[in-house]
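Values below: every heavy atom of this structure, side chains too, minus hydrogens, waters and symmetry copies. In what follows, chains are A, B, ... by sequence order, proteins preceding strands, each numbered from 1.
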Amino acid sequence: MTLTSDLLRGLNEQQHAAVTLPAQHALILAGAGSGKTRVLTTRIAWLIASAQVSPQGLLAVTFTNKAAREMLNRLSAMVAVNLKLMWVGTFHGLCNRMLRAHHRDAGLPASFQILDSQDQLAAIKRMLKAMQIDEDKVAPRNLMHFINACKESGQRAASVEAFDDYNRRFVELYSAYEVQCQREAVVDFAELLLRSYELLQRNQLLRDHYQLRFRHILVDEFQDTNALQYRWLKLLAGAGNAVFAVGDDDQSIYGFRGADVGNMMAFEREFRVDNLIKLEQNYRSAGHILDCANALIEQNNARLGKALWTDAGAGEPVRVQELVSDAGEAQWLVEQIKAIVRDGDRRSDVAVLYRSNAQSRVIEHALFSATIPYRVYGGLRFFERAEVKHALAYLRLIEQDDDDGAFLRVVNFPVRGIGARSLEQLQDLAKRRSCSLMAALAAGAESGLSTAALSRLRQFQQLIHGLRQATVMLPLADAVQKVIEQSGLAQHYSLEKEGQERLENLQELVNAAASFVSEDLPLAENLSPLAAFLSHASLEAGEHQALAGDDAVQMMTVHSAKGLEFQHVFITGLEEGLFPHENALSEARGLEEERRLMYVAITRARERLYLSFAQTRMLHGQTRYHIRSRFIEELPQAHLKWLSPRAQARWGPSSGEPYTLGGGLDSPGFGAGTGGDHLLSFERHAQAATAGVSLRIGQNVRHERFGDGVVVSLEGRGTDSRAQINFGRQGLKWLALSVAKLQLP
DNA sequence: TCGGTTCAGAGTATT
DNA sequence: TCTGAACCGA
């Protein structure tokens, strides 16, 4: 057993204080790069090492599997105890574990399957079709959002109040969806949480059991919790347990998916938290970068308040570059990255961040043309690939017959002559008997199906049945291999022109199964290896593109960069409308969340941070003109180094010089230091007329109501022409030039 | 059952 | 402009 003094060595004062807090509720405000994970894991190790709690008395919850793994990895290096006794995992993983253990009390069959978002949407579409509801009337996606939002606020269909007919319709469909899921023995992600919550709420014995057991509950990324997760924690904590919540309100960037920073304040209040510790010393970024981050986030009103500092020195100022176009920005990036590599750093030390995925294409194109290897985060993950989902569908049917989603996915894949009409008839029969498709098949010949069709369906049934018998005694990997072969998937893809990669992915699935067996199976308490593997496959979508090992430039959205750090960081597309995103500006707390997003982006950088923006950008097939982001204005000039001449921006009526977009365009020195002609190539003389006044992009104008503004974009001709004008604090507005009375100031 | 055409929509995302 | 999904004809 590690000595507690060893564990605590090297912690700063605040970290030390947090780790050694008494067994009471605590809120740790952990700034970016302040050693949050270290504090969390050391706290656990310290609790164990100082014999305050045994591993089975601990529950630690995270949002991602990656974070949970990281925590376990670090812990195993710190303490020599059986970590499997602890409950460490994601909210969904832990809820799954609880539901597996008490499936009967939760009203679920032992073999219930988990739907990922794809599956859920497919299930909803299928339901709408069966109910003969036109997708034009009810958009499946909207319904899905509605259902998930209900569940995340703890509401069952029966308890949702409908305000109008439209709403009432949705509630009815929510109800029908609940019935369908129950019949098919499937639960979606939100359901895992809600069921687990209801289980604890309803069942006092169980609640007492878990409350007595988990003396210490630790929560990572507390600012990302949603309403239901918060209530779940509250229920689990009961009166006697200590909740150690770690989070950073300034890094709350998931409001759009239900995360509520307010939970941090609620926690402080409702749990009567006396121990609030701020971790403000930053071990990641150089001083100039931190000062920028601090200055930026100070502009937000809704915060608990903290400021990062470092003793590592000021480092290099933050570089800022204006470009003429998105293509120019990409070209500039290429040159900068080449220079970085020339100076001896690795490409993988460089991250290119952007606000939205669409922005990656131009950059990819430039990197590709320059033969610079890159890796884009996002996109399809391993367990989401079609061929992998097909194989999983067979496995699910082996485990659980009633899964109509899985049935329909593979009943005719590979093709075995079972067409849409046969399936419709089978579905009708299943509906009449309110049973699953497989059950309908077993039951009846009174389906109206032709003998031939029925026989083909029966063959499929036999296939599943046979696979079940053939695999039950096999080791998991062998079972998966057998299913891939016997189902015909292997042959199907081997005959397909471009099936090679898919075959490889199927082989990878076998490998995943093999390594899964050798992994610890904390949730396999009384679960077959196959059932456990299927849970794993649904709860962990796997790596994005595992091109690990390659020395490639890292490209990702700011959201997916959260939690990561890089030596060199480029934040691109810093333009009004893009970052902050125009959609966010019309949301209640949108701008502050965008600013937090920028704060996250800035604090990813260790040594060097680059900010870039372009005057024009191709967006939705149109060239758009943007002015630079207000977030650049909000950074203290003393910490910036402008690589291109800094044009004056006018933000609102009160601020200084008139804005001239691309003030250096006419001068040959524009873009000095980079030397690419892309900087000079753009001809920008879009013009339109209003009341005899000629307008161009960048023109200053005055409006009687909105005050002074600057022309950002021009559209149309003659009497149809419109101008988008940025009126600073009044916002961006489109004005029809034939109507608006604009003057030159 | 596949392959082409048409059409809408185009912020961020984990489980 | 580009993508994905839905739809239709062979």
Mind checking if A/Tyr254 touches a base, just sugar-phosphate, or nothing, with heavy atoms under 4.0 Å?
sugar-phosphate
From CZ of A/Arg589 across to P of B/dG11 the rounded distance in Å is 24 Å
Heavy-atom distance under 4.5 Å between the side chains of A/Leu173 and A/Phe146, does that happen here? no
* Asked: What about A/Ser538, does its side chain sit under 3.5 Å from the base of B/dT15 through a donor-acceptor pair?
  -> no
Whole-Å distance, A/Glu152 CD to B/dA13 P, equals 17 Å
Decide, applying a 5.5 Å centre-distance limit and a 30° plane-angle limit (both strict), whether A/Phe256 stacks on B/dT12.
yes
- Measure the shortest side-chain to side-chain distance between A/Asn96 and A/Phe112 over non-hydrogen atoms and say whether it is less than 4.5 angstrom. yes
Testing B/dA13, B/dG11, B/dT15 for proximity to the side chain of A/Thr90, the answer is B/dT15
All heavy atoms of A/Tyr599 vs all of A/Asp248, minimum pair found to be CE2-OD2, 4.2 Å
(message) Mind checking if A/Asn412 touches a base, just sugar-phosphate, or nothing, with heavy atoms under 4.0 Å?
(response) sugar-phosphate
Rounded to whole Å, NE2 of A/His626 lies from P of B/dG11 at a distance of 13 Å
By the 4.0 Å heavy-atom rule, please label A/Glu384 as base, sugar-phosphate, or nothing.
nothing
To the nearest angstrom, the CG-C1' distance between A/Leu353 and B/dG11 comes to 16 Å
Under-4.0 Å side-chain N/O to phosphate OP1/OP2 contact, A/Asn65 with B/dT14: no
Worksheet item: Base, sugar-phosphate, or nothing: which does A/Ala541 touch, judged by heavy atoms less than 4.0 Å apart?
Response: nothing
Item to complete: Look at A/Ser560 and B/dA13 and indicate whether a side-chain polar atom (N or O) is within less than 4.0 Å of OP1 or OP2.
Response: yes
Atom CG of A/Asn583 and atom P of B/dG11 are separated, to the nearest Å, by 8 Å
The reported gap from CG in A/Leu193 to CZ in A/Arg195 (rounded to nearest 0.5 angstrom) is 12.5 Å
Here the distance between atom C1' of B/dA10 and atom CZ of A/Arg355, to the nearest Å, is 14 Å
Of the candidates B/dA13, B/dC2, B/dG11, the side chain of A/Val415 sits closest to B/dC2
With a 4.0 Å cut-off (strictly under) to non-hydrogen atoms of chain A, the first and last hit nts on DNA chain C, 5' to 3', are C/dT1 to C/dA6
Residues A/Leu296 and A/Ile602: closest non-hydrogen pair is CD2-CD1, 4.3 Å
Walking DNA chain B from its 5' end, the first of A/Thr64 and A/His559 to be reached, judged by nearest nucleotide, is A/His559
Cation-pi check for A/Tyr377 against A/Arg375: NZ or CZ below 6.0 Å from the six-membered ring centre and within 45 degrees of the axis, yes or no? yes
Next on the checklist: Any donor-acceptor pair, under 3.5 Å, between the side chain of A/Gln359 and the base of B/dG11, if you only look at N and O atoms?
Outcome noted: no
*With a non-hydrogen cut-off below 4.0 angstrom, is A/Lys562 in contact with a base, only sugar-phosphate, or nothing?*
nothing
Taken to the nearest whole Å, CD/A/Glu221 to P/B/dT15 is 12 Å
Rounded to whole Å, OH of A/Tyr377 lies from C1' of B/dT12 at a distance of 17 Å
Open item on the list: Can you tell me if A/Asn357 touches the phosphate of B/dA13, counting only side-chain N or O atoms and a distance under 4.0 Å to OP1 or OP2?
Closed with: yes
Exercise for the section: For nucleotides C/dA5 and B/dT12, find the distance between their C1' atoms and express it as a whole number of Å. Expected result: 22 Å
### Rounded P spacing from B/dG11 to C/dG4 in Å
13 Å
Are the aromatic rings of A/Phe460 and A/Phe407 close, with centres under 6.0 Å apart?
yes
Which of A/Leu218, A/Leu94, A/Asp220 passes side chain to side chain contact (heavy atoms under 4.5 Å, CB included) with A/Thr62? Answer is A/Asp220
Check whether any side-chain N or O of A/Arg381 sits under 4.0 Å from OP1 or OP2 of B/dT14, and answer yes or no. yes
message: Is the phosphate of B/dA13 approached by A/Thr557 (side-chain N or O, under 4.0 Å from OP1 or OP2)?
response: yes
Side-chain donor or acceptor of A/Arg604 paired with backbone N/O of A/Val600 under 3.5 Å | yes
